[in-house]
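Note that the coordinates shown come from a computational prediction; the quantities given were computed from them, not determined experimentally. We name chains A, B, ... by the order of the sequence lines, and we start the count at 1 in each one.
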Amino acid sequence: MKFIEHKRSREVEAWIRKEVAEQKVRYRKIVAEQDALEPKRDKWIADFLHRIQTRGFHVHFDQLRKIRPEEVPVKPKRKFRVVF
Amino acid sequence: MARPHIEPFVDRDVPFKKLTLPGFPKGMQYKMLSLDPDNGACSMTVMYEPGYKQPPGMSYSEYELFIQSGSIQIGDKVWGPGSYFFVPAGVAIEAMSSPRGALALMFFNYGEPSWIESDSDHPRAEKQNFKAVNSYDNLQWSSTNFYPATAPGCMVKVLHFDNRTQGFTFLYCMTPNFWQDNISYHDCSEEAYHIWGTSWMMQFGELPTGGYFYRPPYINHGAFGCKLGTLAIGRTDSRLYNHFHYNPWTNIEENRERAASRVQHWMPELYQWINTHGHNHPVDFEYAHGHAHGDMPHHHGDGQVEHAHKRKKRRRR
């Protein structure tokens with residue numbers, strides 16, 4: 001049994017509401033920080049796409065496959081998000 | 001609504017707060033890592049102040065406790081760093097104390113943190129599933145045993161495995177100079193906390209000691225790297241499968257679509273059955289079976305899988 005049904009007290013309900021509100025603030029801060037990371041991320045992605053063509057892409061454990069230039073994905077025009 | 005995507009978050013950046021919820025003794029502080037807005041299930045960094053004392057008791061929710069530093073005493077036994085407890089809902093544990101204090105992680109899996117003083121188990125408690133182990137001293141590292149696997153240099157110790165969901169809790173480590181050049185996503189939610197060390201992911205940058213994430217399904221993460229080594233605790237809420245690829249720009253919908261397509265090809269018979277059966281909630285004869293629309297949990301052990309349900313009457317206005 002993972003959970004026993006019970007009636008929550010007002011105090012508990014208030015605590016959850018307060019924590020949810022704080023979590024929303026935390027989430028917005030994370031999104032802003034991650035948006036600011038975009039220039040660095042673009043460089044990391046470029047390095048990654050280079051490495052998988054030269055050293056290889058990890059298929060399984062130590063098995064690597066070199067990606068051919070025509071297989072390399074192209075960045076779409078839509079907005080790029082990492083936090084959802 | 002389930003927990004949101006919290007990634008990355010470093011708990012060292014925020015102060016502890018006193019836990020003042022009903023039932024919990026004084027002397028317990030916490031930092032919230034993530035919380036489910038609907039049911040209050042949450043993951044927290046917890047500090048037991050020196051001299052903390054807790055009477056015997058139980059929680060309404062299944063919970064897990066991991067000691068990072070310091071120690072706690074339960075009954076006569078002292079549990080130090082690396083100690084892990086899996087406590088099913090309603091299972092009473094003996095009186096606990098922490099004479100010198102302790103830093104821990106607590107995971108309340110299905111409801112808000114609750115503590116009810118009691119020296120006996122709840123009648124429905126599944127005591128047989130209680131688990132306590134010192135994972136540093138009594139478990140050994142092994143390679144991940146699923147296919148496709150993480151790169152060499154990432155090892156695990158499985159702390160708890162849920163037979164029904166195949167979700168599991170595990171310690172993992174990355175060796176110095178670990179690297180894995182692929183992008184991964186999973187069908188499950190995943191969360192992790194860095195006990196020690198810094199690792200790097202291509203989307204989110206560096207995650208240091210005290211770093212945490214809660215990641216819902218189908219979100220890209222990786223490539224991966226770790227310069228000096230990392231020790232962390234991870235959890236999933238269901239079976240973990242590594243959907244590896246190398247397109248950094250796919251989104252959740254595309255990843256889910258790909259996962260569904262893969263299931264269609266890996267298990268065509270089952271996929272077709274689920275899609276065409278018409279009564280779309282399969283039954284596992286090993287488990288009690290409930291429905292979301294209000295009827296009582298019931299078994300289908302007699303093979304009567306095909307069954308109808310009366311619609312609930314609507315109230316007249």
Side-chain angles (χ1 to χ4, degrees), chain A residues 1-6 8-24 26-27 29-31 33-34 37 40-49 51-53 55-65 67 71-84, chain B residues 3-9 14 20-22 32 34-35 37 39-40 42 58-62 88-90 109-114 122 124-126 143-144 147-152 179-183 200 202-205 216 218-221 223 242 244-252:
Chain A
M1 186 176 53
K2 297 175 181 304
F3 184 70
I4 298 166
E5 291 295 338
H6 60 283
R8 276 187 197 154
S9 66
R10 283 186 182 178
E11 201 175 351
V12 170
E13 295 283 4
W15 182 84
I16 291 173
R17 276 197 302 275
K18 187 164 178 283
E19 289 296 336
V20 168
E22 288 180 12
Q23 181 164 262
K24 284 179 180 170
R26 197 154 65 237
Y27 175 84
K29 185 168 179 282
I30 288 169
V31 170
E33 286 169 356
Q34 288 299 306
L37 205 59
K40 278 189 181 175
R41 187 182 300 114
D42 287 346
K43 171 78 166 55
W44 293 337
I45 289 173
D47 292 346
F48 167 73
L49 294 176
R51 286 198 307 275
I52 61 173
Q53 294 176 79
R55 190 170 61 183
F57 153 75
H58 268 106
V59 177
H60 163 66
F61 196 54
D62 60 353
Q63 294 175 22
L64 294 161
R65 177 172 85 79
I67 302 302
E71 293 181 288
V72 175
V74 177
K75 186 175 184 179
K77 285 182 180 171
R78 69 188 180 213
K79 183 172 168 51
F80 177 41
R81 295 173 64 187
V82 298
V83 180
F84 291 88
Chain B
R3 299 190 208 190
H5 185 196
I6 299 290
E7 181 170 24
F9 172 66
V14 299
T20 56
L21 284 171
M32 184 57 70
S34 69
L35 173 128
N39 61 15
C42 60
M58 51 156 256
S59 171
Y60 289 129
S61 168
E62 167 191 296
N109 294 335
Y110 294 93
E112 77 283 354
S114 56
H122 186 276
R124 291 168 59 204
E126 295 171 350
S143 291
T144 55
Y147 180 94
T150 47
W179 53 276
Q180 180 175 311
D181 268 334
N182 56 27
I183 298 163
W200 170 88
M202 188 167 70
Q203 293 78 7
F204 309 105
Y218 305 114
I219 292 175
N220 281 337
H221 52 285
N242 289 318
F244 290 150
H245 66 107
Y246 53 87
N247 186 339
W249 299 293
T250 60
N251 58 30
I252 287 179

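- Judged as a side chain to side chain donor-acceptor pair (under 3.5 Å), and not counting sequence neighbours, B:His122 has no contacts.
- Judged by distance alone, the side chain of A:Arg41 and the main-chain N or O of B:Gln203 form a donor-acceptor pair under 3.5 Å.
- Most heavy-atom pairs under 4.5 Å with chain A: of the set B:His221, B:Glu62, B:Glu7, this distinction falls to B:Glu62.
- Residue B:Leu35 touches chain A through both its backbone and its side chain, counting heavy-atom pairs closer than 4.5 Å.
- With a 4.5 Å cut-off on non-hydrogen atoms, B:Ser61 touches chain A through its backbone and its side chain both.
- Note: B:Tyr60 leads B:Tyr60, B:Tyr110, B:Tyr147 in heavy-atom pairs under 4.5 Å with chain A.
- The closest side-chain donor-acceptor pair between B:Asn242 and B:Thr150, if any, does not fall under 3.5 angstrom.
- Of the listed residues (B:Leu21, B:Ile183, B:Asn247), the one with the most heavy-atom contacts under 4.5 Å to chain A is B:Leu21.
- The part of A:Val74 that comes within reach of chain B is its backbone (N, CA, C, O), which places non-hydrogen atoms under 4.5 angstrom from that chain.
- Relative to the six-membered ring of B:Trp179, A:Arg51 misses at least one condition, a distance below 6.0 Å or an angle of at most 45° to the axis.
- Of the listed residues B:Pro216, B:Pro148, B:Cys42, the one with more heavy-atom pairs under 4.5 angstrom with chain A than any other is B:Pro148.
- For the options A:Gln63, A:Glu13, A:His58, heavy-atom pairs under 4.5 Å to chain B are most numerous at A:His58.
- Both the backbone and the side chain of B:Ser34 come within contact range of chain A, with heavy atoms under 4.5 Å apart.
- Neither the backbone nor the side chain of A:Arg81 comes within contact range of chain B, judged by heavy atoms closer than 4.5 Å.
- Counting heavy-atom neighbours within 6.0 Å of A:Lys75 NZ, excluding the residue itself, gives a total above 12.
- For A:Lys29, the salt bridge (Lys or Arg N to Asp or Glu O under 4.0 Å) criterion is met by A:Glu33, not counting sequence neighbours.
- In terms of non-hydrogen atom pairs under 4.5 Å with chain A, the most contact-rich of B:Asn109, B:Thr20, B:Ile252, B:Asn220 is B:Ile252.
- Within the 3.5 Å criterion, the main-chain N or O of A:Ile52 finds no donor-acceptor partner in the side chain of B:Asp181.
- For A:Arg78, the part sitting under 4.5 Å from any heavy atom of chain B is the side chain, from C-beta outward, and nothing else.
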